[in-house]
Structures are given as structure tokens and as C-alpha cells.
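Notes follow the structure.
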Amino acid sequence: MNVHDSEKVIGTLLQQGYSQVEEPEDAGLVLYNTCSIRDKAEQKVFNRLQNFKRDAGKGKVFGVLGCVAQQEGEKIFDRAPHVSLVCGSASYTRFGEMLVQLEAGNRRVTGLSLDTEDTFDTPFTRRDNPHRAYITIIEGCDKSCAYCVVPFTRGPERSRTSESVIAEARGLAERGYTEIQLLGQNVNSYRDPSPAGWDFATLLARVAEIPGMRRVRYTTSHPRDFVKSIVDAMDSNEVLCDHVHLPVQSGSSKVLAAMDRLYTRDEYMRRIEWLKTARRRYALTTDIIVGFPGETERDFQDTLDLLDEVQYDSLFSFKYSPRPNTAALAMEDRVAEDEKQRRLIVVQEKQRAIQIRRNAELIGGIQEVLVEGRHQALGQWIGRTSCNRTLNFTHPDIGETSLVGQYLPVRVTRSGPNSLVGESATVV
Ligand code: 5AD
Ligand code: SF4
């Protein structure tokens, strides 16, 4: 989501006559797009700002964008006095005006209001990849997970109209994009504000029908709002990729209640059942937090047990990190740092073993890949499967022709915990 926010901000800059430089040293304006989902991400920003300070005297203008900007607000001007712009994502609709203020010499420009119904609908987005594009369908979040800073940094939920989403997707398909990823903190609660009133499953089905579209993905889902009609929509059109990211956070219903996740373990498992009994085989991935306040060894075992039961294809795991403004800050029974670290390693080792097995099951089969690049040294092309795995492969045409952007069938010959290796099944 942050990558795509940067694409939108860069597009606005280019439209206002700015040009991009290769090295930050060559820039007149340096913008940091920031994340504050965990403390480590936030610390990084201040370290980088500090390291860049030596250049502050050389006439550069600095700005901090994104969630750390929203969270810390004007305090950033005190902590890093060389910063002139502090702007959260809910204010990007006003980003052009803020540039004008900076150009006029204002050195305390802010965009910190969360009081918005707007979504940032820029036609100028400067996309990084010529084949794969992101489209924001919903911004902000109305859930209140006890650990999460997002509702405070990205503001309340706002859905884009279905007309504007479809128009953007069609425009991209006409310009040769074949893969689209629909984005939102919780795409499942998408609700078209226009009279058509589409829900997420309808939007998904309609985007997938656009001529020229080969792959449609989406992220991220909230299990509470992940309804059966989404699985039905996916089952009925293979353009909708064979992958669902369904963050569970914990395998213990007690911890899930403390997190205010609004589902129990059983309710989550019902959704997994829909996916496992669906017409196609879907890759399943998730997010896990270890060491949430009050998580006992027993609760942690419930999470490990859930990993055994679901057999995820991949997961992201995090140590609980206390965030400002959140409900969990006041909770007792904090888990010690070294215990969180131990639990994190246990989760990662268990998952590694699962992935080795799951990936090995694909050996001998054929997967269609979108070619993304090339490993010159290894003489391999880098592909991505519909189930979101990296599949590096050899191809008779390793010479001059670029295969990037093509869809090719590849036979899987080897596997590791994090990727597959194969050989092209056809000669182009
Ligand atoms: N501590 C640790 N992990 C967190 N996440 C969100 N907030 C926190 C936090 N305070 C994780 C969740 C979420 C993912 C994007 O980041 O697992 O799904
Ligand atoms: Fe954060 Fe929960 Fe909203 Fe996801 S659903 S962004 S975890 S508050």
C-alpha cells in the first residue's frame, strides 16, 4: 500500500513539473514515505532523517509523509528541525497545494486532518512496473484491532466508486497492463458509494471481466468480512488468482477476543474450509502476531496447532509491538521481549518445514508464470505463479529476447522453502 502511495505522490510531483533524480543527494526536495505499523519501521525513519541531516544546509527541502507523519504530527518539526512538510495519507488529495506552499517558502507545511470523505483518485499515478499495477479501492479502516495503529493514521474507511475503479482498471488494461492488485486495509468491507452499491465480491467479478485482464489479486482481507460470495466469485473466473491472504493473527480464541478481531478460531476455520473445499486449489497465506499481552504458552501452542491444521503456503510473523493510541497499550501481562523472540523463531521454523513440504508437492506439475525479470548470473528467468510463488526457470531463449511481461507455462523441477525452480514447458 505504501509503495502505491509513493507512486501516486510521484505522479502528482511529475504533473506539477518536478522531475525524479536517481540519487537523493541530487534532489532539491526529499520526501520520506513512512510506516508506523511496528516500532522498528518508525525508528528507521528517524535514523534516516538524522543521517541525512548533514545535507540539510545545502538547500534541500525535506518532507515526511505517511503514517509516522500522521502519528507524530508537528512533533516531527521539533525532533527533526530540517523537515518542512509533514503529511499523512488522508491529506494527499491536498498534496499539490502543499507543494505550492513549500515553493512559496513556507517551512512548516502540514496535512494532518483525518476528517475526510475523500479518496485519493489521481489520474497521474507514476507506476513502477509496466505489467502489474495496484488500484486502491478502499482507504482507511473502521475496525479497532487492539494492537493496530492504522485507524489512527489512515483514518476512517472510505470506498471509491465502482465507476472510478472500473475506469482505472480499463485504462490500465488498454495500456497493456495484464495484472492488477486491488488494495485496501480491509478490501472485504468495500461498499460502492454510488447507486450501484456493489459489494467486494461483485467488484472483484467485474474487474476480472475486463478485456485484456489476465490476473487479478487483492489484499488485504479481514476474516470477519470475508464472505462466501468472494470464494464463489473466485471459483467462477480463473483470472482471479489462486491465492488468498487471510490474516489470522492468533490461533487462540481468547487472544483473538483480547485483540478485538471479531471472530473466533472456529469462525476463521470455517472460512478456511470454504477455500479448501472450493473448485480450485488456493494458496493460503496469513499474518501472525506472537507475544500479544496475556498470550500464555497454551495460547501460543494454539497458534502452532492452527499452522499444522491450515498448512499455509507462506506467512508473515511479527512480535507484538506496542503502538501509541491503541487499546492494547493499557493491557497487563506483557510478554517479555526474549520470550516473544523465542516464539517468533518457533513459528518461523515450523512454517519453514510446512513450506518445504507444500512446495515439494508442486514438483513435476506445470504452473503458468508471469515473467518478471532475469537472473543474469544464474541464466534463469524470474516468474511469478498465480498462487503468488516465485518460480525461477530456464528457457531455451536465454539470449537477447526479453520474456519479461509474458505468460508462460513452466514445469517445476525443484523446490525450496521460499521458491520453486523449473524449466519452460514451451519454446517461444
Ligand atoms: N505489532 C505487531 N504486529 C502488528 N501488525 C499490525 N500491528 C502490529 C503490532 N502493533 C501486523 C499484523 C497485520 C500486519 C500488517 O502487521 O499481523 O496483519
Ligand atoms: Fe489494523 Fe485491524 Fe484495521 Fe487491519 S483490520 S488495519 S489490523 S485495525
Side-chain angles (χ1 to χ4, degrees), residues 1-5 34-44 66-68 70-71 88-90 114 136-159 181 183-191 200 218-227 244-252 255-263 267-268 271 284-295 299-300 303 306-307 310 312 314-331 334-337 339-341 343-344 347-348 351:
M1 190 156 292
N2 260 2
V3 168
H4 186 42
D5 281 350
T34 64
C35 174
S36 65
I37 195 90
R38 287 169 296 276
D39 190 46
K40 214 155 83 190
E42 182 188 322
Q43 282 308 326
K44 250 197 247 170
C67 290
V68 176
Q70 190 68 51
Q71 180 188 300
S89 66
L114 283 179
T136 305
I137 62 165
I138 181 168
E139 291 176 26
C141 182
D142 280 351
K143 293 280 185 292
S144 45
C145 303
Y147 52 81
C148 185
V149 80
V150 167
F152 305 96
T153 58
R154 286 189 179 264
E157 218 169 74
R158 291 98 66 200
S159 290
Q181 183 153 12
L183 293 181
Q185 298 300 333
N186 175 9
V187 288
N188 308 147
S189 67
Y190 174 82
R191 178 57 68 172
F200 177 63
Y218 58 90
T219 197
T220 190
S221 287
H222 189 295
R224 161 81 170 224
D225 303 324
F226 188 86
V227 290
V244 177
H245 183 67
L246 200 58
V248 66
Q249 314 299 356
S250 168
S252 150
V255 173
L256 289 171
M259 286 177 167
D260 207 4
R261 285 289 286 178
L262 310 173
Y263 54 85
E267 284 162 345
Y268 180 86
R271 277 126 186 98
L284 299 173
T285 60
T286 201
D287 293 342
I288 299 283
I289 295 177
V290 297
F292 187 76
E295 184 189 73
D299 297 320
F300 177 60
T303 297
L306 182 100
L307 300 193
V310 178
Y312 291 107
S314 175
L315 59 74
F316 297 106
S317 51
F318 312 100
K319 290 185 280 185
Y320 165 68
S321 167
R323 306 314 294 132
N325 305 313
T326 57
L329 265 189
M331 291 181 186
R334 293 279 174 101
V335 177
E337 193 54 36
E339 179 59 15
K340 282 192 221 171
Q341 182 63 29
R343 291 181 190 178
L344 186 72
V347 163
Q348 292 176 346
Q351 181 58 26

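Every number for a ligand or one of its atoms is a count from 1 in the order of the listing.
In this structure a side-chain-to-backbone donor-acceptor pair under 3.5 Å is present from Thr34 to Val68. Proximity of a side-chain donor or acceptor of Ser159 to a complementary backbone N or O of Arg191 within less than 3.5 Å is detected. A donor-acceptor contact shorter than 3.5 Å links the side chain of Arg323 to the backbone of Ser36. Between the side chain of Lys340 and the backbone N or O of Tyr320, at least one donor-acceptor pair lies under 3.5 Å. At least one donor-acceptor pair under 3.5 Å links the side chain of Thr286 to the backbone N or O of Leu246. Judged by distance alone, with hydrogens and angles left aside, the side-chain atoms of Asp225 form no donor-acceptor pair with the main-chain N or O of Ser189 at under 3.5 Å.
Nearest protein heavy-atom contact of atom 9 (C) of ligand 1 is Ser321 O, 3.6 Å. Scanning the protein for heavy atoms near atom 13 (C) of ligand 1, the closest one is Asp287 OD2, 3.5 Å.
Within the listing of ligand 1, atoms 1 (N), 2 (C) sit less than 4.0 angstrom from a heavy atom of Tyr320. For ligand 1, the atoms sitting less than 4.0 Å from at least one non-hydrogen atom of Arg38 are 1 (N), 2 (C), 3 (N), 4 (C), 5 (N), 11 (C), 16 (O), numbered in the order shown with element in parentheses. Those atoms of ligand 1 with a heavy atom of Gln249 less than 4.0 angstrom away are 12 (C), 13 (C), 17 (O), 18 (O). Per-residue contacts place Arg261 under 4.0 angstrom from the following atoms of ligand 2 (heavy atoms of the residue considered): 2 (Fe), 7 (S). Ligand 2 places these atoms under 4.0 Å from at least one heavy atom of His222: 5 (S). Which parts of ligand 1 touch Arg323 is read off a 4.0 Å heavy-atom cut-off, strictly below it: atoms 10 (N).
The residue from Thr220, Ile37, Asp39 that puts a heavy atom closest to atom 6 (C) of ligand 1 is Ile37. Of the candidates Ile289, Val150, Val290, it is Ile289 that places a heavy atom closest to atom 4 (C) of ligand 1.
Relative orientation of the Tyr312 and Tyr268 rings is tilted, given thresholds of 30° and 60° on the angle between their planes.
For atom 1 (Fe) of ligand 2, the neighbouring protein N/O/S atoms at less than 2.8 Å, given as residue and atom, are Cys148 SG.
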| said: Let's go through Arg271 and Glu267 carefully: what are the C-alpha distance in whole Å and the side-chain angles of both, what is the deciding distance for salt bridge (charged side-chain N to carboxylate O under 4.0 Å, His left out) to 0.1 Å, and is it a yes or a no? | reply: CA-CA 7 Å; Arg271 277 126 186 98; Glu267 284 162 345; over 6 Å; no
| message | Assess the residue pair Ser89 and Glu139 against the criterion (side chain to side chain donor-acceptor pair (under 3.5 Å)); give the C-alpha distance rounded to whole Å, side-chain angles, the decisive distance to 0.1 Å, and a yes or no. | response | CA-CA 9 Å; Ser89 66; Glu139 291 176 26; 5.8 Å; no
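Judged purely by distance below 3.5 Å, without hydrogens or angles, the side chains of Tyr147 and Arg38 never pair a donor atom with an acceptor atom. Under 3.5 Å, the side chains of Glu295 and Ser250 contain no donor-acceptor pair of N or O atoms.
Of the heavy atoms in Lys319, only backbone atoms (N, CA, C, O) come closer than 4.0 Å to ligand 1. Under 4.0 Å from ligand 1, heavy atoms of Tyr147 appear from its side chain as well as its backbone.
When all heavy atoms are compared, the tightest approach of Asp299 to Gly294 is OD2-O, 3.4 Å.
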